[in-house]
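Okay, structure first, notes after.
The chains referred to below are lettered A, B, ... by the order of the sequence lines, with proteins before strands, and numbering in each begins at 1. This structure is a prediction, so every number in the text was calculated from the model and none was measured. These values consider heavy atoms only, across backbone and side chains, with no hydrogens, waters or symmetry-generated copies.
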Amino acid sequence: MFSSLARQQWVRSSLPVLVAAVVIMTAPSLVTGSFWQRVIILALFNVVLAMSLNLVIGYTGLLALGHGAFLGIGAYTSAVLTTTYEWAFWAAFFVAGITAAACGLLLAVITLRLRGHYLAIATLGFAVIVYQVLMNWIDVTRGPLGIPGIPTPPNIPLGNGTELDFGLPAAHIYLAGAFAIVCYVLIRRIVNSPMGDALRAVREDEISAKSLGIRTFAWKCFAFTVAAFAAGLTGSLYAGYMGILEPSAFVLTVSFTLLAMVIVGGAGTLVGPVIGALVLTIVPEALREVGPEYRMILYGLALTLVVLFFPQGLVGIGAALRSRFRSSSRSKPDEPPSDSTGTGFAKEVPVDAS
Amino acid sequence: MTLLQLVLNGLVQGSLYVIVALGLTLIFGVLVKINFAHAEFLMLAAFAGVVSIDTFNLSYGVSVLVATLVGASLGVAIEFGIFRPLRKRRTDELRPLVATVGVSILLQNLALLYFGPNPRQYQSPYMQKTIELGELYLSYQRAIVFVVAVAAICALFVFLRRTAPGRAMRAVSQDSDAASLMGINVSRIVLMTFVIGSALAGLGGGLLGPMLVIEPTVGANIIVLSFAIVVIGGFGNVNGTVIAGLLVGIIESLVTGYLEAGLSSLAIFGVLLLTLAVRPTGLIAERVEQNV
């Protein structure tokens with residue numbers, strides 16, 4: 001039925017998804033401790049957040065420093081709707097995504113005339129504003145008291161009489177895992193389509209892209225909005241899992257850790273942010289025993305060292321090792337992997353020293 | 001509190017923000033790069049001040065000097081550790097920003113590890129005494145802070161306008177290639193800029209210290225304010241930074257006095273986003289920025 005090439009492509013594109021699905025299905029039985037189950041759930045949330053931020057930083061080349069703000073907007077929207085207004089979880093879930101996307105679009109329209117450092121500062125300012133709103137809009141968010149008693153998603157009947165019980169962490173692992181896989185597949189579709197080409201064109205050279213008829217402003221808004229939408233949906237799942245929200249969960253540090261995940265994993269690649277999110281969520285938790293400070297020290301150190309010495313992140317290190325191994329064993333020049341040629345979060349050009 | 005009192009407090013606070021933000025602006029002017037760890041320098045300098053008083057029994061004046069020196073040496077360290085290597089590799093302009101975000105997280109948590117989470121008090125003998133000027137009250141500390149800050153700003157202006165290295169710094173800021181052709185040693189000027197800019201952050205730590213509780217996160221609160229000031233004033237624009245810093249100090253004081261403390265950063269970042277949307281080159285447009 002398939003030509004061998006088509007089959008090879010199908011295997012290449014479906015294998016990672018299948019492996020991920022199997023890992024997620026078996027995770028709750030392999031990892032039984034409640035601490036590590038919690039780490040897995042948070043890691044899966046971080047995977048989605050890092051992938052969506054990568055769409056902005058890695059593929060479109062816009063350094064946005066406030067991605068955590070969209071997580072906060074989504075989480076609080078969902079929490080307020082399900083507690084104060086007693087909405088059904090899934091309705092609140094979608095409204096959370098749409099609210100975050102609307103805020104993302106608004107921020108994009110205001111700030112995307114700006115480039116480089118200005119955009120970085122503007123998004124930073126946005127994150128501060130969102131945090132302050134969560135702290136000070138007491139009537140809605142209860143400020144520093146936080147919102148307790150957020151309902152979990154409703155149990156999902158599985159057909160054979162059992163149901164997925166969201167009172168148990170396993171159900172949250174399945175949900176977060178399924179959500180992460182869906183996001184991965186959708187983002188891969190975007191990136192491998194002409195849309196992805198347009199985003200990369202904006203990253204490489206905005207003026208040239210414009211001269212080719214690419215509506216750069218619209219594409220930048222698109223990347224921002226999609227990323228904010230994904231983060232908002234993640235926020236809703238986060239609220240449903242945690243059951244309680246406080247503004248302190250959405251401080252600037254959250255945005256910086258997401259930035260670290262993208263850069264350390266490898267910006268502008270599909271798997272980079274996934275690896276970055278998993279590594280930078282799981283390894284620091286292993287260090288929690290030693291002392292909570294070491295967790296953030298690891299983040300800071302990893303981010304600094306990767307930028308200084310491995311600009312293409314962990315994925316770049318992997319690709320370099322692989323190509324060295326292959327070329328030495330087969331002595332055949334290796335073509336660069338189609339998607340890991342992204343040089344990082346922005347174009348790598350010699351800057352004039354001004 | 002009367003309006004005048006609030007404005008006065010705002011001016012004092014603003015003069016401190018100006019010192020911190022001027023460091024950022026100088027570095028941006030010369031390098032077109034942002035040092036995100038700038039406010040961690042302030043935090044570490046303030047801790048150095050605390051230690052020099054508590055452990056070594058030095059006087060407050062000497063501790064401010066120590067803080068300034070610590071700031072300056074951190075500036076040298078980050079230039080050699082981060083900015084110069086990345087410049088040599090001719091990477092894109094945003095990479096140093098990301099690297100220094102990492103440095104900022106690192107320094108903050110190393111400080112947490114070393115000094116612990118408990119806030120420390122920066123002792124100053126001038127906190128208790130107050131000056132009365134008619135209806136206005138001003139603690140000696142605030143008066144000293146204001147005088148030193150204004151003196152530092154004036155000194156910087158004289159340096160930039162009247163001395164050869166200051167002129168060289170402005171030349172590099174305008175066009176580093178042309179400056180280099182005129183025989184200016186650009187990398188020496190860059191190093192000098194980091195020393196001066198980071199010394200200002202250290203000085204800010206020494207002056208601000210007694211008015212705050214010193215904890216590892218103290219820099220994080222100040223860095224975002226400094227960024228707001230730098231953007232509102234126009235990146236790399238020294239005059240604009242001074243005006244914006246004083247303005248932000250006054251806005252903060254008025255909002256805190258009449259409304260609520262938490263709303264002050266909302267107001268300031270509202271002004272920031274408004275500036276970016278309406279007039280991205282800042283209050284005083286010196287020249288059209290490439291980045292906008």
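Among residues two or more places apart in sequence or in another chain, the salt bridge (Lys or Arg N to Asp or Glu O under 4.0 Å) test is passed with B:Glu215 by none.
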Side-chain donor/acceptor pairs under 3.5 Å, residues 300-307 of chain A, sequence neighbours excluded:
| from | atom 1 | to | atom 2 | distance (Å) |
| --- | --- | --- | --- | --- |
| A:Thr304 | OG1 | A:Gly300 | O | 2.7 |
| A:Thr304 | OG1 | B:Val103 | N | 3.3 |

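In this structure, A:Ile207 places its CD1 atom where only 12 or fewer heavy-atom neighbours from other residues, nucleotides or ligands lie under 6.0 Å away. Residue B:Tyr258 qualifies as enclosed at atom OH: its count of foreign heavy atoms under 6.0 Å is above 12.
Within the structure, side-chain hydrogen bond (donor to acceptor under 3.5 Å, both in side chains) contacts touching residues 49-58 of chain A (residues at least two apart or in different chains) are A:Ser52-A:His67.
For A:Leu119, no part sits under 4.5 Å from any heavy atom of chain B, backbone or side chain. With a 4.5 angstrom heavy-atom cutoff, B:Phe36 touches chain A only via side-chain atoms. The contact between B:Leu272 and chain A is made entirely by side chain atoms (from C-beta outward), counting heavy-atom distances below 4.5 Å. Looking at B:Ile82, the atoms closer than 4.5 Å to chain A (heavy atoms on both sides) sit in the backbone and in the side chain alike. With a threshold of 4.5 angstrom between heavy atoms, B:Leu97 approaches chain A through side-chain atoms but not through N, CA, C or O.
Rounded to the nearest 0.5 angstrom, A:Arg295 CZ and B:Ile105 CD1 are separated by 10.5 Å. A distance of 7.0 Å separates CZ of B:Arg95 from CD1 of A:Ile263, quoted to the nearest 0.5 Å.
Using a 4.5 Å cut-off on side-chain heavy atoms (C-beta onward), B:Ile34 and A:Ile121 make contact.
Within residues 122-136 of chain A, the residues that have a heavy atom under 4.5 Å from a heavy atom of chain B are A:Ala122, A:Leu124, A:Gly125, A:Val128, A:Ile129, A:Gln132, A:Val133, A:Asn136, listed by number.
The shortest non-hydrogen separation linking A:His117 to B:Phe28 is ND1-CE1, 3.6 Å.
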